[in-house]
Amino acid sequence: MDIESFQKDLIEWFEMEMRDLPWRKDQDPYKVWVSEIMLQQTRVDTVIPYFTRFLEKFPSIEVLANADEDQVLKAWEGLGYYSRVRNLQSAVKEVHEKYEGQVPDDPKEIATLKGVGPYTAGAILSIAYGKPEPAVDGNVMRVLSRILLIWEDIAKPSTRKTFETAVRGLISHENPSYFNQALMELGALICTPTSPSCLLCPVRDHCQAFDAGVQNELPVKTKKKKQRPVELVTAVLKDEQNRILIRKRPESGLLANMWEFPSAEVSIEYRSEKEQFKEYFKEEYQVDLSLGDMVGRIEHVFSHLIWNIHVFSGELQGDIQEGPALKLVKAEDLKEFAFPVSHQKIIKQFIDLEK
DNA sequence: TAGCCGTGGCT
DNA sequence: TAGCCAAGGCT
């Protein structure tokens, strides 16, 4: 492999073909940081409108550091992996207080920030600061597994080190930013998971997999397990003033700190799910309920589980104590709170926002 | 290490 | 349709 020739072909292709993306307008470390967090496990087309809105609302480290977490979560609503943005704000606060608002350019320091792992650290260091650090994501592993004919299982966490070592040997010290971005862009546009466009590839002549005709056999990636089904009852509960009861989820775990309609996991047993829910609710809030028939069901698929939500409507039979994590709100005000998509579906299908 | 942690688009 | 996949990180 002629490394200089490879770098040249790759970077020249990137300069010609790179997409015009909102986070490529400058190299502001904060913007690069926000974009890299949003792009984790998320498609470019999905991220674009969120990125633009997020930077309008939180244009600087100082603004985000001082922002209300509920507003931050609201700006992330629908993007998924919500701990990303809670970690981001936490890390931004640390940069604001400990580093005088300057994102560290030191590999060891930046790696200590919450939510900044090996990939994101390398991406910020190379793109914002021009440092020759590897930024190994799924694209890079796929592309390099083909070019270098690496048969290790990229689903194994330990495999990333192999690719980091490979990148350290290949990366352009003249333009580490473009080198890393070009590798990812190539993975997104040409060297795709299925049916790669090898005939359009700028580095085809350097690709061992193409040379051997095995580009469709790489990368090696073991399958993931199926999602576990979970049965849930969720109730849209109103008081005598027609206000709807919502609550905030716990500060850790699934959908942490997001809002939802009261819900309980039920088991398939002899007792009806309606009775199980009323019992749960009474125990949790010391208030009785009158529940009607099930108004519908919603299936929502997560990475590791499937919610099968049985939706009921009902009325609160007594006064309930509101608090920071429990509120009675008018239907028209639901839009002020950050709900996961599963509960946005409930709002859309079962709640009249005019009433 | 492997499981947890979202969502929407594509095949 | 069911599975797979996308610029990962945390525990």
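Letters go in sequence order (proteins before strands), and every chain restarts at 1.
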Mind checking if [X] touches a base, just sugar-phosphate, or nothing, with heavy atoms under 4.0 Å?
X	result
A:S35	nothing
A:R249	nothing
A:L183	nothing
A:V140	nothing
A:W76	nothing

For [X], I'd like to know if atom [atom1] has over 12 heavy atoms of other residues, nucleotides or ligands within 6.0 Å.
X	atom1	value
A:K161	NZ	no
A:K8	NZ	no
A:K114	NZ	no

What is the distance, to the nearest angstrom, from the [atom1] atom on [X] to the [atom2] atom on [N]?
X	N	atom1	atom2	answer
A:I110	C:dG9	CD1	P	11 Å
A:Q227	C:dC4	CD	C1'	10 Å
A:L39	C:dG9	CG	C1'	15 Å
A:K156	B:dT1	NZ	C1'	9 Å
A:K223	B:dA2	NZ	P	17 Å
A:I48	C:dA6	CD1	P	18 Å

Given that both distances must come in under 3.5 Å, which nucleotide forms a Watson-Crick or G-U wobble pair with C:dG9? B:dC4
For [N] and [M], measure between their [atom1] atoms and round to the nearest Å.
N	M	atom1	value
C:dT11	B:dG6	P	14 Å
B:dT1	C:dC10	P	16 Å
B:dG3	C:dC4	P	15 Å

Taking protein heavy atoms under 4.0 Å as touching, what does nucleotides 3-8 of chain B look like 5' to 3' if B marks base contact, S marks sugar-phosphate-only contact and - marks none? SSBBBB
Those residues at least two apart in sequence (or on a different chain) that pass side chain to side chain contact (heavy atoms under 4.5 Å, CB included) with A:D211 are none
Candidates C:dG8, B:dT1, C:dC10 - which lies nearest the side chain of A:S158: B:dT1
Has A:R84 got a side-chain atom pairing as donor or acceptor with A:Q40's backbone, closer than 3.5 angstrom? yes
Between A:Y50 and A:R53, is there a cation-pi geometry (under 6.0 Å to ring centre, at most 45° from the normal)?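 Geometry flag: set, cation within 6.0 Å and 45°.
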Residue whose closest nucleotide on DNA chain C lies nearer the 5' end, A:D137 versus A:G115: A:D137
Nearest 0.5 angstrom please: A:K348 NZ to A:F339 CZ, how far?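 The CZ atom of A:F339 is 14.5 Å from NZ of A:K348, to the nearest 0.5 Å.
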